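Predicted model, so just to flag it, every value in this text is computed and none were measured. Letters go in sequence order (proteins before strands), and every chain restarts at 1.
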Amino acid sequence: MKTFYITTPIYYANSLPHLGHLYTTTVADVLAKHKKQRGFDTYFLTGTDEHGVNIQRVAEAKGQTPKDYVDYISGEMKKMFADFGLTDYDIFMRTTEPFHYEAVRSLWRKIASNQTPKGNSTIYKGFYEAWFCPNCAEFKTETEYEIRDGEDVPRCLVHERPLDKVSEESYFFRLSDYGEFLLEAIEGNPILIRPEARKNEVISFIKSGLQDLSISREKKSVSWGVPVPGDENHVMYVWLDALSNYITAIGYGNEERKAVGFEKYWGNVTHLVGKDILRQHSVYWFSFLDAAGLELPQTIYAHGMWLDADGRKMGKTLGNTIELGVLREHFQTDAIRYFVLREMVFGQDGKFGYENLIERANADLASGLGNLSSRTLSMINKYCDGAIPNGKIAEHNYIYAKRAGINPDEQELVSVLEHARDEFLRKFDNFEFSQALEIVWSVIARIDKMISDAKPWELIKDENQAETLNAVLYRATETLRWLCVLLFPVMPEAMKNIYGQIGLSDDITVINPENLNYGELKTETKIGETQAVFPRLDKNKVMSEIMESGKLKIENEEPKPVVVQPTENVLTQNPTDVLINNQPDEADEVENFITIDDFLKVELRVGEIKVAERIPKADKLLRFEIDLGEEKPRQILAGLAEYYEPETLIGRKVVVVANLKPRTMRGLESNGMICAASLENGTGEKPALAAFIENVDIGARLK
RNA sequence: GCCCUUGUAGCUCAACGGUAGAGCGCGCGGCUCAUAAUCGCUCGGUUACAGGUUCAAAUCCUGUCGAGGGCACCA
């Protein structure tokens, strides 16, 4: 039997679930359901990565044991998955499972017993150097210390005291011997790393030279991890422990999971990862696997990140994150699933805004698929006593069918459906979900058009058209049946629902779309009770509710959690090697202060508007000449034309960013920026110019 | 500084080197089975710019500019 093994990253258990977790897991769930339908023996892994110094520290800060803490986080993750219907995973992997300890230790031994492609030992003991703050009693990472001008020794950000350079014993993996092996494996295989652009990045990273990788820490500095076999003074450090979950979960190196079937699944694994952890999943993971004498994965696919509706990165500070609570409260799970697959070109970054989601749900689901189902079934109720009519047209009635604009031969529709189905599957197999869905929607449009052309509500009045009417309704319903099967993995609940409304009761989860045959929908089948599957959303109403809940949330916000940055290995040169995770998480976002120096870079000055006028053919721009106490007034352009009459601004004193890089707009150079309070919540309210209550001198600097 | 990707309609995206299309949105008209739905029509493009190769370029090559990303460097 063909097998398919799909994994999400195991999410690092140091922060609560967010959109990135939901997204990757959703895609994996869709793929798993799809492959199951198509007869694959499918295995779906997700879970949490639960070791490491970060978790140890967060737990300590909360006065918990690390185990209690990761139990809590993984519990939250499972709850979130359940909230969004993501319950079909075969294992929720946790690296704290005893079987994983056993297996990863066995993997370590296996690797250690082998040699690198260049005949060296794979693992050796060395030293790595790190900066240690005695006051904190902790090693400090790049993000936790600063190097001041003219100083060599970094200072702890907490105590501002110079750090000690401490040399610590560590085991290293001889990654530097694997460059050629990796290049050969990756360059020659077009589907090993996808998409192509990411593959190129990995290749160029490898070509720039690989350094050996520290894979352990002394137990005295990091205790929360898997002990190194044969040296209980060390625990494994991050990657070897975390990545290996993909094999330990299916039975590598342990008895407990053996029954799952490492042999049958491993050759057919697809790893979904965020682009931020691709390198670890390729360079490190492939090398570990080779060192253990194991096959490489079939495909590792790096997907993009979700940006906000304006294309900016999401973050706490910008307040533009998508809140899972809001999604759950206001949107159908199936609509979210559809949206994330339809809206993002898989592999590229995508934009996620509540408004876009509402628009998609209304246009494609409510008006599109939902309405087609609704109009078709309601006509069957009205015109055919609620039973699927016969779709055949007798030859002597062809003339009437043609008169109604209907091709008497259903073969034309059959080829359309078959072609759409084949293309859909082809795109799906190639991870082109967005395009696959587009194809399905072109079929919906076609059936809508068929109905409009045939006008069943008129056919019913003409007894010569009885067969035409039946054929139209049969064709529409049979198409719906096909669409339910195709779309089931994407929108499982809704498609089951429509499938049931058509009057079908077999198990849609195992209907292979490849085997769909036109005409298998049985005449005389009684259709089920019809109901709207996709509710239409009132955009304004939903948006204002979301805004309201957003405000409430900010008021009730808990104090910020302790900031913990990932610990880095100082010797390896990859400070950005963050843990298994994807999407920016809260812990990364908390610290976002600027220094006084940063602020002083911005030269804010008081200026008086001398001239203000509209610019021909520019709807938004106004041209100003503003006196900043310089030789002559500056020309500054600002997008205020929609909100202010230029005349009313003359003589006003405003705050100007005086050292902004000049920029040309509408052919005019702008030498600064006028400061105004802007309401960026999309309500279109007018901005307010910054002003002073007291009298101020022109040119005065603000600081 | 080096490298990768990308630039097509207001927006999101298509288009083996062969007549630039679709969806959404906008405007007009039709229809009533349906969830203010749906159907038709219209509007919308010098394919970022400049060269080159070719019978033919959105597509291939070179350069410029813009966007995103990776690495290095700096902080």
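G21(B) is paired with C13(B) under the Watson-Crick or G-U wobble criterion, all donor-acceptor distances under 3.5 Å. Here C60(B) sits opposite G52(B) as a Watson-Crick or G-U wobble pair (both hydrogen-bonding atom distances under 3.5 Å). Base-pair partner of C31(B): not found among the strands shown (Watson-Crick or G-U wobble, both distances under 3.5 Å). Under the Watson-Crick or G-U wobble criterion, with both distances below 3.5 Å, G66(B) is paired with U6(B). As the counterpart of C43(B), no nucleotide is assigned, since no Watson-Crick or G-U wobble pattern has both distances under 3.5 Å.
Nearest to the side chain of F205(A), among C71(B), U38(B), U35(B), sits C71(B). When the nucleotides U35(B), U5(B), G70(B) are ranked by their closest atom to the side chain of N200(A), U5(B) comes out on top. Among C71(B), A14(B), C33(B), the nucleotide with an atom closest to any side-chain atom of W457(A) is C33(B). Counting only heavy atoms from C-beta on, A363(A) has its side chain closest to C24(B) among C33(B), U35(B), C24(B). Proximity note for S208(A) (side chain, C-beta onward) versus C33(B), C71(B), A14(B): the nearest is C71(B). Listed candidates were C33(B), U35(B), G70(B). Nearest to the side chain of E201(A) is G70(B). Considering only side-chain atoms of S452(A), the nucleotide from U5(B), U38(B), G69(B) that sits closest is U38(B). Checked against U38(B), G68(B), C33(B), the side chain of K382(A) finds its nearest nucleotide in C33(B). Comparing U35(B), C4(B), C13(B) against the side chain of A366(A) picks out U35(B) as the nearest.
In this structure, E187(A) places its CD atom 13 Å from P of C4(B), rounding to the nearest Å. Rounded to whole Å, the distance from CD on Q348(A) to P on U6(B) is 9 Å. In this structure, R198(A) places its CZ atom 7 Å from P of G70(B), rounding to the nearest Å. As rounded to whole Å, 14 Å separates atom P of U32(B) from atom CG of D453(A). Rounded to whole angstrom, the span from the CE atom of M450(A) across to the P atom of G40(B) amounts to 14 Å. Atom CD of Q435(A) is separated from atom C1' of G23(B) by 13 Å (rounded to the nearest Å). A straight line from CD of E196(A) to P of G68(B) spans 23 Å, rounded to a whole angstrom. When rounded to the nearest whole Å, the span between CD1 of I186(A) and P of G70(B) equals 18 Å.
The separation of G30(B) from G69(B), taken at their C1' atoms, amounts to 49 Å, rounded to a whole angstrom. Straight-line distance between the P atoms of A15(B) and C3(B): roughly 28 Å, to the nearest whole Å. For the P atoms, the distance from C16(B) to A58(B) is 13 Å, rounded to whole Å. Rounded to a whole angstrom, the distance from the P atom of U8(B) to that of C43(B) is 22 Å. The gap from the P atom of G23(B) to that of G40(B) amounts to 9 Å, rounded to the nearest Å. On the C1' atoms, G7(B) is 6 Å away from A48(B), given to the nearest whole Å. C11(B) and U54(B) have their P atoms separated by 36 Å, given to the nearest Å. Of the P atoms belonging to G21(B) and C4(B), the separation is 33 Å, rounded to the nearest Å.
Each of K461(A) and G368(A) was matched to the nucleotide of RNA chain B holding its nearest heavy atom; the match closer to the 5' end belongs to K461(A). Between L369(A) and A197(A), the residue anchored closer to the 5' end of RNA chain B is A197(A), taking for each the nucleotide with the nearest heavy atom.
Ion pair R198(A)/E201(A) flagged as a salt bridge, since at least one NZ, NE, NH1 or NH2 atom sits closer than 4.0 Å to an Asp/Glu carboxylate oxygen. Using a 4.0 Å cut-off between a side-chain N of Lys or Arg and a carboxylate O of Asp or Glu, E438(A) and R342(A) qualify as a salt bridge. Taking 4.0 Å as the cut-off between side-chain N and carboxylate O, K207(A) and E187(A) count as a salt-bridged pair.
Residue-level contact check: V202(A) touches neither bases nor backbone, having no heavy atom under 4.0 Å from any strand. S367(A) comes within 4.0 angstrom of sugar-phosphate atoms only, judged by non-hydrogen atoms across all strands, and of no base. When heavy atoms are screened at a 4.0 angstrom cut-off, Y383(A) is found touching the sugar-phosphate backbone but no base atom.
Aromatic ring centroids of H303(A) and Y23(A) lie under 6.0 Å apart. Note: Y499(A) and F488(A) fail the aromatic proximity criterion, with ring centroids not under 6.0 Å apart. A ring-centre distance under 6.0 Å is not found for F286(A) and Y178(A).
Judged by the 6.0 Å distance and 45° axis criteria, R279(A) is positioned over the aromatic ring of F205(A).
When the side-chain nitrogen and oxygen atoms of K449(A) are compared with OP1 and OP2 of G40(B), one or more of them lie within a distance under 4.0 Å. Note on K351(A): a side-chain N or O is less than 4.0 Å away from OP1 or OP2 of U12(B). For C71(B), the OP1/OP2 oxygens have a side-chain nitrogen or oxygen of R279(A) closer than 4.0 Å.
One side chain, E432(A) or N430(A), offers a donor N or O that lies under 3.5 Å from an acceptor on the other.
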